[in-house]
Amino acid sequence: MIPRPRAAPYHRVVKRVERLARFPQPLAARLAALPPRRQELLQDAGLGVALAAVNVVSLLPYRDQLHPLWLALALVALEGLPLAWRRARPIGVGLVIGAARIAYDKIGFGFAPFPLGPAIAFYTIIDRRGTLWRWIACLLVAAGIAVSESSPGHPQPYETIFQVTIFVTAAAAGLLSRAKRASIRAAQSRADRAEAELDRQSSRAAAQERTRIARELHDVVAHHVSLIAVQAEAATSLLPGRPEQARRSVEVIGDTARQALTELRRLLGVLRRPSERAETMPSASLGELGDVLDQVRGAGLPVDLEVVGTPVPLAPGVDLTAYRIIQEALTNTIRHARADRATVTVRYEPGYITVSVADSGHRADAPAPANGTGTGTGPGTGPGTGPGRPGPLLTGAGFGLAGIAERVASCGGHLAVGPTQPDGFAVTARLPAR
């Protein structure tokens with residue numbers, strides 16, 4: 001008994017089927033990696049070869065009635081093969097295909113294939129070319145249909161209607177494709193403009209944030225470093241004759257430095273990465289104004305505070321702006337004015353808050369010394385040796401008034417800066433409360 005051959009296991013059959021199913025995938029991936037122009041050329045070449053093959057095969061059953069057969073096959077092949085360049089050269093392709101079709105009909109071969117090649121060429125011209133070429137193509141198609149239908153072998157009038165319907169449909173499809181592509185381009189243009197506008201807004205926001213941070217850094221550093229410099233000069237002038245008062249100045253330097261570090265940590269917390277723990281301390285506000293006044297008084301400048309009206313809650317940005325304006329104005333007074341007294345006024349009005357810092361002008365008995373020392377007992381007043389007005393450590397133009405103006409403008413407020421009688425100077429800012 002002859003044994004039968006064993007059938008292939010089921011799993012081998014399944015693997016072969018899966019391998020065959022996956023066969024087109026690498027080819028599709030390689031085609032997708034090609035440049036767009038190359039992809040279009042390959043797609044159109046495939047379309048042209050396929051259409052030429054269909055046209056040739058459709059004539060083979062009638063080969064005994066077509067003489068010469070090679071010419072008939074060549075003409076119908078020419079109705080498909082040039083489509084490989086239809087998007088690159090639509091006018092030339094349309095002329096070649098149209099001439100091949102008209103020649104086939106004029107010779108009178110008969111059994112003409114379906115005019116897909118001329119219709120696709122006409123569709124491409126309508127889709128890809130301007131108004132002038134579209135009208136020329138329409139006239140040439142109309143003339144071609146008239147010549148072909150007047151040739152021998154076309155006795156039925158419905159053939160003309162059929163040909164016209166085909167080319168009208170191709171023209172409509174070309175117009176729709178053209179409109180769709182224009183709509184896509186317009187949408188892409190709008191998206192590009194929107195993206196560019198978002199980039200510009202992001203850049204403006206980043207620039208504004210950098211300006212805000214720089215302004216905050218200036219206010220914090222300038223105020224506290226000015227006080228530290230004043231107290232350091234005071235300690236230098238008090239040593240070695242008055243060590244207790246010098247020790248007090250050194251303690252003020254330490255307290256001021258710690259406060260500066262606290263504010264710097266709070267400010268720089270906004271620059272931390274999101275993954276890091278954010279600072280949760282509240283922003284500076286007018287509620288902390290007493291600490292600023294105490295620091296200024298400790299630096300030797302008497303300051304009076306006057307609050308007019310009933311305090312009301314302020315927007316956080318306005319509250320911080322009012323605080324920084326007072327702080328910066330007092331710092332400028334310490335650095336430059338050599339005044340004997342300053343007055344801070346906070347006025348609450350319906351919908352607004354007005355802050356004002358005014359000094360009394362230069363002291364008659366306090367000329368600007370070269371080393372930052374003057375006459376006085378203790379920190380700044382009376383006869384004896386003590387800290388005078390700021391010396392070289394505190395000179396320089398700085399950005400105080402410019403920073404104040406930027407802060408007021410950011411809140412939509414009004415700023416007035418100028419001298420007062422007899423020899424003073426005042427900074428007044430009116431801000432909206434909300």
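Sequential numbering from 1 along the given sequence is applied to the chain's residues. The basis for the numbers below is simple: all heavy atoms, side chains too, and nothing from hydrogens, waters or symmetry mates.
A 4.5 Å side-chain heavy-atom check between Y348 and V312 finds at least one atom pair inside the cut-off. Under the 4.5 Å side-chain criterion, counting only non-hydrogen atoms from C-beta, L75 is in contact with F109. Contact check for I91 versus W133: side-chain heavy atoms found under the 4.5 Å cut-off. T343 has its side chain out of reach of V357: every pair of non-hydrogen atoms, C-beta onward, lies at least 4.5 Å apart. Looking only at side-chain heavy atoms (C-beta outward), D192 and Q188 come within less than 4.5 Å of each other. Residues V296 and T333 fail the side-chain proximity criterion, which asks for heavy atoms closer than 4.5 Å. Annotation: side chain of Y352 is not in contact with side chain of L431 (no heavy-atom distance under 4.5 Å). Two residues are said to be in side-chain contact when any heavy atoms from C-beta on lie closer than 4.5 Å; L81 and V49 meet this criterion.
Residues R185 and S189 bring no donor and acceptor atom of their side chains to less than 3.5 Å of each other. Side-chain contact, R86 with T124: a donor N or O sits under 3.5 Å from an acceptor N or O. T321 and R324 are not linked by any side-chain donor-acceptor pair at a separation below 3.5 angstrom, with hydrogens and angles left out of the test. Under the 3.5 Å distance criterion, with hydrogens and angles disregarded, a donor-acceptor pair is assigned to the side chains of S356 and T428.
In plain terms, the two heavy atoms of W85 and V93 that are nearest each other are O-CG2, 3.5 Å. For A170 against Y123, the heavy-atom pair with the smallest separation is O-CD1, 3.6 Å. Scanning both residues, A171 and I126, for their nearest heavy atoms gives O-CG2, 3.6 Å. Scanning both residues, A77 and A52, for their nearest heavy atoms gives O-CB, 3.7 Å. Across A342 and L330, no two heavy atoms sit closer than the pair CB-CD2, 4.2 Å. Taking all atoms of both residues into account, the shortest heavy-atom contact from G94 to A121 is CA-CB, 3.9 Å.
No more than 12 heavy atoms of other residues, nucleotides or ligands shown are found within 6.0 angstrom of CZ on R37. The 12-atom threshold is not exceeded at CD of E195, counting heavy atoms of other residues, nucleotides or ligands nearer than 6.0 Å. Within 6.0 Å of the OH atom in Y62, the count of heavy atoms belonging to other residues, nucleotides or ligands does not exceed 12. Summarising the local packing, NE2 of H67 is surrounded by more than 12 heavy atoms from other residues, nucleotides or ligands at distances under 6.0 Å.
Remark: side-chain polar atoms of D319 are not paired, donor with acceptor, to backbone N or O of L314 under 3.5 angstrom. With hydrogens and angles ignored, the 3.5 Å screen pairs no side-chain donor or acceptor of S148 with any backbone N or O of I145. Between the side chain of T165 and the backbone N or O of I161, at least one donor-acceptor pair lies under 3.5 Å. With R128 contributing its side chain and I125 its backbone, the two residues share no donor-acceptor pair below 3.5 Å. Proximity of a side-chain donor or acceptor of Y104 to a complementary backbone N or O of G110 within less than 3.5 Å is detected. Side-chain atoms of D359 come within 3.5 Å of backbone N or O of F425 as a donor-acceptor pair. Using a distance-only test at 3.5 Å, with no hydrogens or angles considered, a donor-acceptor pair links the side chain of S58 to the main chain of N55. A donor-acceptor contact shorter than 3.5 Å links the side chain of S202 to the backbone of L198.
Between L293 atom CG and L301 atom CG the span is 10.0 Å, to the nearest 0.5 Å. Separation of atoms CG (L286) and CD1 (I353) is listed at 5.0 Å; rounding is to 0.5 Å. In this structure, the separation between CD on Q65 and CG on L59 is 11.0 Å, given to the nearest 0.5 Å. Atoms CZ and CG, on F111 and L60 in that order, are 13.0 Å from each other to the nearest 0.5 Å. The CG atom of L42 sits 10.5 Å away from atom CD of E40, with the distance rounded to the nearest 0.5 Å. Taking CD of Q327 as the reference point, atom CD of E288 lies at 9.5 Å (rounded to 0.5 Å).
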**OP:** Applying side-chain contact (heavy atoms from CB on, under 4.5 Å), run through E349 and R430 and close with a yes or a no.
**Re:** CA-CA 10 Å; E349 306 169 8; R430 191 168 188 262; 3.0 Å; yes
Original post:
What's the verdict on side-chain contact (heavy atoms from CB on, under 4.5 Å) for V344 and D304, showing C-alpha distance, side-chain angles and the deciding distance?
Top reply: CA-CA 6 Å; V344 175; D304 297 327; over 6 Å; no
**OP:** Show your reasoning for whether side-chain contact (heavy atoms from CB on, under 4.5 Å) applies to D294 and V303.
**Re:** CA-CA 9 Å; D294 291 340; V303 182; over 6 Å; no
**OP:** With side-chain contact (heavy atoms from CB on, under 4.5 Å) as the test, would you mind laying out the steps for L83 and I97 before giving the verdict?
**Re:** CA-CA 8 Å; L83 291 176; I97 292 178; 3.6 Å; yes
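Checking R181, R134, R178 one by one against D127, the salt bridge (charged side-chain N to carboxylate O under 4.0 Å, His left out) holds for a single residue, R181. No option in T345, V427, V408, I325 other than I325 meets the side-chain contact (heavy atoms from CB on, under 4.5 Å) test with V355.
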